[in-house]
Amino acid sequence: MSNQELTEQELLRRESLQKIRELGIDPYPAALYPVSNLASDIKANYQEEVLEDGTKNRLNYQEVCVAGRLMNMREAGKAMFLNIQDASDRIQLYLRREELAENEDFTFFDQVIKKLLDIGDFIGVKGFVFKTKTGETTIHVQSLTLLSKSLKPLPIVKTDAEGNVYDAVHDPEFRYRQRYVDLTVNPGVKEVFLKRTKMVNTMRNFLNDHGGIEVDTPVLQNIPGGATARPFKTHHNALDVPFYLRIANELFLKRLIVGGYDFVYEFSRNFRNEGMDRTHNPEFTILEFYVAYKDYFWMMDFTEHLLEKVAIATNDSTELPVGENTISFKAPFKRISLFDAIKDYTGIDVSQMEEDELREVCKKLHIETDPTMGKGKLIDEIFSEKCEKNFIQPTFIIDYPEEMSPLTKKHRSKKGLVERFELMINGKEVANAYSELNDPIDQRERFEEQVSLMERGDDEAMFIDHDFLRALEYGMPPTSGIGIGIDRLAMLMTNQHSIQEVLFFPQMKPKQEN
RNA sequence: GAUCUCGUAGCUCAGCCGGUAGAGCAUUUGACUUUUAAUCAAAGGGUCUCAGGUUCGAAUCCCGACGAGAUCACCA
């Protein structure tokens with residue numbers, strides 16, 4: 001980049017960098033900096049007592065060493081107040097000219113600190129902790145080290161004593177493309193992601209505590225299986241064969257159940273070549289787990305306890321604000337059959353209807369259909385259009401038509417149905433689970449039905465995975481499995497409206513940058 | 001993929017029935033030894049996303065491109 005393309009402020013910072021070097025100071029020192037405390041730790045635990053004569057006695061933190069990014073500078077004559085931000089919080093620094101001089105030489109204070117330091121620089125300080133007369137816990141700095149010079153000016157976001165935020169960076173494009181800036185300057189962004197991490201850790205611990213084994217399965221697959229979706233296609237040069245990025249890991253986890261594990265799970269990054277909006281990113285994370293000798297009733301019990309635990313771990317409560325609603329994650333969750341749900345919201349009993357009748361019902365309800373839709377798909381349409389949005393509180397929708405569930409075991413007593421549930425929260429599907437189909441003959445027939453759907457024009461129907469069928473023929477124990485949308489769940493746990501707010505680097509269209 | 005809205009200084013925004021740009025913060029210079037959205041005084045900073053058109057004249061009106069957001073379609 002030539003100097004002509006740099007802004008005034010960027011040029012000044014480069015000049016400052018040069019001057020710092022000329023003064024013999026390394027602006028990017030290599031040695032470790034011996035940080036002793038976090039800002040949050042000092043602010044939470046500093047104590048002082050006021051003596052009878054009115055003077056204060058500092059009780060702890062007589063020597064601290066703290067490092068962080070310089071976020072604010074206020075000069076007050078021969079003193080100075082700075083704020084630095086470390087991973088935990090911000091803390092104020094108090095500097096005095098005479099204390100930072102060497103033998104009457106005030107160059108470091110007058111030149112380096114006052115003129116050559118900029119907001120955004122990383123610095124480290126050593127000193128003692130005290131409270132200013134306004135009561136703010138502050139580090140009285142006895143030495144200051146430049147740890148890394150910043151060459152680009154950060155947006156200045158200010159927060160007043162009441163917590164009002166001024167000039168926050170709102171532009172979503174700026175925030176997502178330069179997440180590092182968003183994280184640095186916008187209050188609360190880091191907390192959202194820390195909550196997400198806490199959520200994932202809680203789930204992992206819960207699964208481990210119940211005997212789950214975390215596994216990794218292929219992302220590059222010959223046959224993209226386990227879901228109905230359009231895949232991303234790529235190519236392996238050495239083998240000269242096409243590969244697909246996985247749309248789901250289901251069929252691989254079941255192979256592991258065949259192999260003799262009885263509880264496996266994976267946080268699976270899946271890729272689907274479809275539209276993007278506030279609830280869809282091309283790559284997203286699903287937690288899938290499969291437990292042998294269980295059925296979908298067991299899975300409902302397990303899931304509601306898992307989510308209750310997640311809510312408490314992330315929000316210290318089972319009652320969470322989500323948009324305009326308050327959602328209770330207290331177990332147990334409501335359960336209702338798909339047909340009853342449709343009956344409740346449309347007044348129509350579709351449970352005995354054939355394809356033609358269902359098509360009539362759709363017409364009456366102003367739902368568009370097309371000839372490729374079979375019975376299952378039509379029922380699914382009615383539910384999505386008329387029912388789904390009404391399930392704000394966590395609700396298990398159970399027992400789905402066989403046609404739309406090619407990997408699910410037939411219902412033990414209800415003909416034409418399968419043992420499947422979806423968990424709806426805030427009007428969105430968060431989880432999808434089955435008693436897994438383990439009858440290899442039945443599975444082969446289901447795959448063949450998918451093929452005929454594909455021939456009928458459904459471009460998302462499943463391919464036949466012959467190796468998976470072979471695995472089932474060796475025998476898979478009765479098993480229940482589930483997929484839980486981690487990004488969607490994170491949105492709920494952090495009360496965020498958009499998936500982009502719970503992904504560090506949401507997918508963006510490439511843009512030419514200078 | 002469709003429709004609507006948006007794109008002005010480092011950041012947040014104003015200006016938009018056409019007369020080539022303003023504010024606050026940030027930056028620069030100066031004052032101030034407990035300030036805190038620090039304050040006070042002064043100064044600098046913009047091919048108004050890009051490319052065309054209408055016009056004597058365009059940030060402003062029209063067309064196109066690029067990017068973003070919202071709604072819809074597809075899906076989780």
Side-chain angles (χ1 to χ4, degrees), chain A residues 6-13 15-16 71-83 90-99 109 114-115 118-120 130-136 138 140 150-178 181-182 185-186 227-230 247-248 268 270-286 368 370 380 384 388 422-424 428-432 459-460 483-489 491 497-500 506 508-514:
Chain A
L6 293 173
T7 65
E8 180 192 32
Q9 292 190 46
E10 289 172 324
L11 283 168
L12 278 162
R13 285 183 182 223
E15 283 167 22
S16 297
M71 297 304 287
N72 186 271
M73 309 173 79
R74 299 180 299 282
E75 289 178 40
K78 294 183 175 60
M80 223 176 158
F81 291 91
L82 313 181
N83 286 85
R90 290 189 185 188
I91 191 162
Q92 177 166 268
L93 313 178
Y94 175 59
L95 280 65
R96 293 170 72 164
R97 182 171 186 258
E98 64 199 24
E99 294 178 66
F109 187 85
K114 279 182 91 163
K115 304 281 186 196
D118 290 295
I119 286 172
F130 76 110
K131 277 193 184 180
T132 62
K133 66 185 180 188
T134 53
E136 175 135 356
T138 302
H140 190 123
S150 161
L151 296 181
K152 274 183 101 64
L154 284 170
I156 305 296
V157 179
K158 297 197 172 186
T159 307
D160 69 16
E162 281 84 52
N164 300 311
V165 179
Y166 299 85
D167 298 337
V169 179
H170 293 299
D171 179 12
E173 186 168 3
F174 188 115
R175 293 184 50 230
Y176 304 150
R177 287 190 198 275
Q178 300 186 50
V181 175
D182 185 37
V185 304
N186 278 340
T228 54
R230 273 192 291 265
I247 56 174
S268 171
N270 296 343
F271 304 83
R272 297 191 186 172
N273 206 340
E274 290 160 350
M276 298 160 62
D277 60 32
R278 68 172 195 84
T279 55
H280 297 85
N281 194 63
E283 53 183 295
F284 63 103
T285 305
I286 295 272
E368 284 185 33
D370 67 68
D380 188 42
S384 315
E388 193 172 81
E422 291 193 358
L423 174 59
M424 313 298 305
K428 285 270 176 198
E429 180 194 335
V430 169
N432 182 14
D459 62 351
E460 291 181 341
I484 301 176
I486 293 299
D487 311 293
R488 296 251 175 109
L489 191 61
M491 287 167 66
H497 177 73
S498 163
I499 199 170
Q500 297 169 111
M508 300 289 271
K509 213 164 171 176
K511 190 184 175 187
Q512 285 237 315
E513 308 256 10
N514 50 341

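This structure is a prediction, so every number in the text was calculated from the model and none was measured. Only heavy atoms go into these numbers, but all of them, side chains included; no hydrogens, no water, no symmetry mates. A, B, ... follow the sequence lines: proteins, then strands. Residue 1 opens every chain.
Heavy-atom nearest nucleotides on RNA chain B were determined for Arg230(A) and for Ser498(A), and the one closer to the 5' end corresponds to Ser498(A). Positionally, the nearest nucleotide of RNA chain B for Val157(A) lies more toward the 5' end than for the other of Ile499(A) and Val157(A).
Residue Arg278(A) contributes atom CZ, which lies 18 Å from atom P of A68(B) at whole-angstrom precision. Put simply, CE on Met71(A) is 16 Å from P on A37(B), counting in whole angstrom units. Across the protein-nucleic acid pair, Phe174(A) atom CZ and G69(B) atom P stand 15 Å apart, rounded to whole Å. Taking atom CG on Leu6(A) and atom P on A9(B), their separation rounds to 17 Å, with Å as the unit. Taking atom CD of Gln178(A) as the reference point, atom C1' of A68(B) lies 14 Å away to the nearest angstrom. Distance Glu368(A) CD to C72(B) P: 14 Å, rounded to the nearest Å. Between the P atom of U39(B) and the CG atom of Asp160(A) lies a distance of 12 Å, rounded to the nearest Å. Here the P atom of nucleotide C74(B) and the CD1 atom of Ile247(A) are 18 Å apart, to the nearest Å.
The side chain of Pro172(A) has G69(B) as its nearest neighbour among G69(B), C11(B), U35(B). Of the candidates A37(B), C13(B), G67(B), A37(B) carries the atom nearest the Ala161(A) side chain, counting heavy atoms from C-beta on. When distances are taken from the side chain of Arg488(A) to each of G67(B), A76(B), A70(B), the shortest belongs to A76(B). For Glu429(A), taking side-chain heavy atoms from C-beta onward, the closest of the listed nucleotides A37(B), U71(B), A76(B) is A76(B).
Across every strand in view, A43(B) sits in a pair with U27(B) that passes the Watson-Crick or G-U test at under 3.5 angstrom. Across all strands shown, U33(B) forms no Watson-Crick or G-U wobble pair with both distances under 3.5 Å. For A38(B), there is no paired nucleotide, since no Watson-Crick or G-U wobble pair has both relevant distances below 3.5 Å. Remark: C16(B) base-pairs with no nucleotide; criterion is Watson-Crick or G-U wobble with both hydrogen-bond distances under 3.5 Å. Across all strands shown, U3(B) pairs with A70(B); the Watson-Crick or G-U wobble distances both stay below 3.5 Å. Across all strands shown, G64(B) pairs with C50(B); the Watson-Crick or G-U wobble distances both stay below 3.5 Å.
Using a cut-off of 4.0 Å between Lys/Arg side-chain N and Asp/Glu carboxylate O, Glu98(A) and Arg96(A) are scored as salt-bridged.
Residue Phe109(A) comes nearest to Lys78(A) through the heavy atom pair CZ-O, 3.8 Å, listed as atom of the first residue, atom of the second, then distance. Summarising the geometry of His497(A) relative to Arg278(A), their closest heavy-atom pair is O-NH1, 2.5 Å, with the distance given to 0.1 Å. Closest non-hydrogen pair, Asp380(A) versus Ser384(A), comes out as O-OG, 2.7 Å.
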Verdict with supporting geometry, Lys131(A) and Glu136(A), salt bridge (charged side-chain N to carboxylate O under 4.0 Å, His left out):
CA-CA 5 Å; Lys131(A) 277 193 184 180; Glu136(A) 175 135 356; over 6 Å; no
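Side chains of Arg90(A) and Asn72(A): a donor-acceptor N/O pair is absent below 3.5 angstrom, by distance only.
Remark: Lys114(A) engages Glu75(A) in a salt bridge (charged side-chain N to carboxylate O under 4.0 Å, His left out) (not counting sequence neighbours). With sequence neighbours excluded, the residues forming a salt bridge (charged side-chain N to carboxylate O under 4.0 Å, His left out) with Asp487(A) are Arg196(A), listed by chain and number.
U8(B) and A51(B) have their P atoms separated by 16 Å, given to the nearest Å. Taking atom C1' in both C16(B) and G57(B), one finds a spacing of 16 Å when rounded to whole Å. C61(B) sits 48 Å from A31(B) when the P atoms are compared, rounded to a whole Å. Only the P atoms considered, C11(B) is 13 Å distant from U49(B), to the nearest whole Å. As rounded to the nearest Å, A38(B) and C25(B) have P atoms that lie 10 Å from one another. Comparing the P positions of C63(B) and G53(B) gives an interatomic distance of 16 Å, to the nearest angstrom. The gap from the C1' atom of G18(B) to that of A65(B) amounts to 24 Å, rounded to the nearest Å. Here the separation of G30(B) from A70(B), taken at their C1' atoms, is 49 Å to the nearest Å.
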Per-nucleotide protein contact string for nucleotides 24-34 of chain B (B base, S sugar-phosphate only, - none; heavy atom under 4.0 Å):
BSBSS-S-BBB
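If you check every strand for non-hydrogen atoms under 4.0 Å, Thr159(A) touches sugar and phosphate atoms only. At the heavy-atom level, Gln500(A) lies under 4.0 Å from the strands shown only through sugar-phosphate atoms. Counting any heavy atom pair closer than 4.0 Å across all strands shown, Gly275(A) reaches a base atom. At a threshold of 4.0 angstrom between heavy atoms, the contacts of Asn281(A) include nucleobase atoms, whether or not backbone atoms are also involved. If you check every strand for non-hydrogen atoms under 4.0 Å, Met508(A) touches sugar and phosphate atoms only. Within the 4.0 angstrom heavy-atom criterion, no nucleotide atom of any strand lies near Ala227(A).
OP1 or OP2 of A68(B) has not a single side-chain nitrogen or oxygen of Arg175(A) nearer than 4.0 Å.
Between Thr132(A) and Gln92(A) there is a side-chain heavy-atom pair separated by less than 4.5 Å.
Rounding to the nearest 0.5 Å gives a distance of 9.0 Å between CZ of Arg13(A) and OG1 of Thr7(A).
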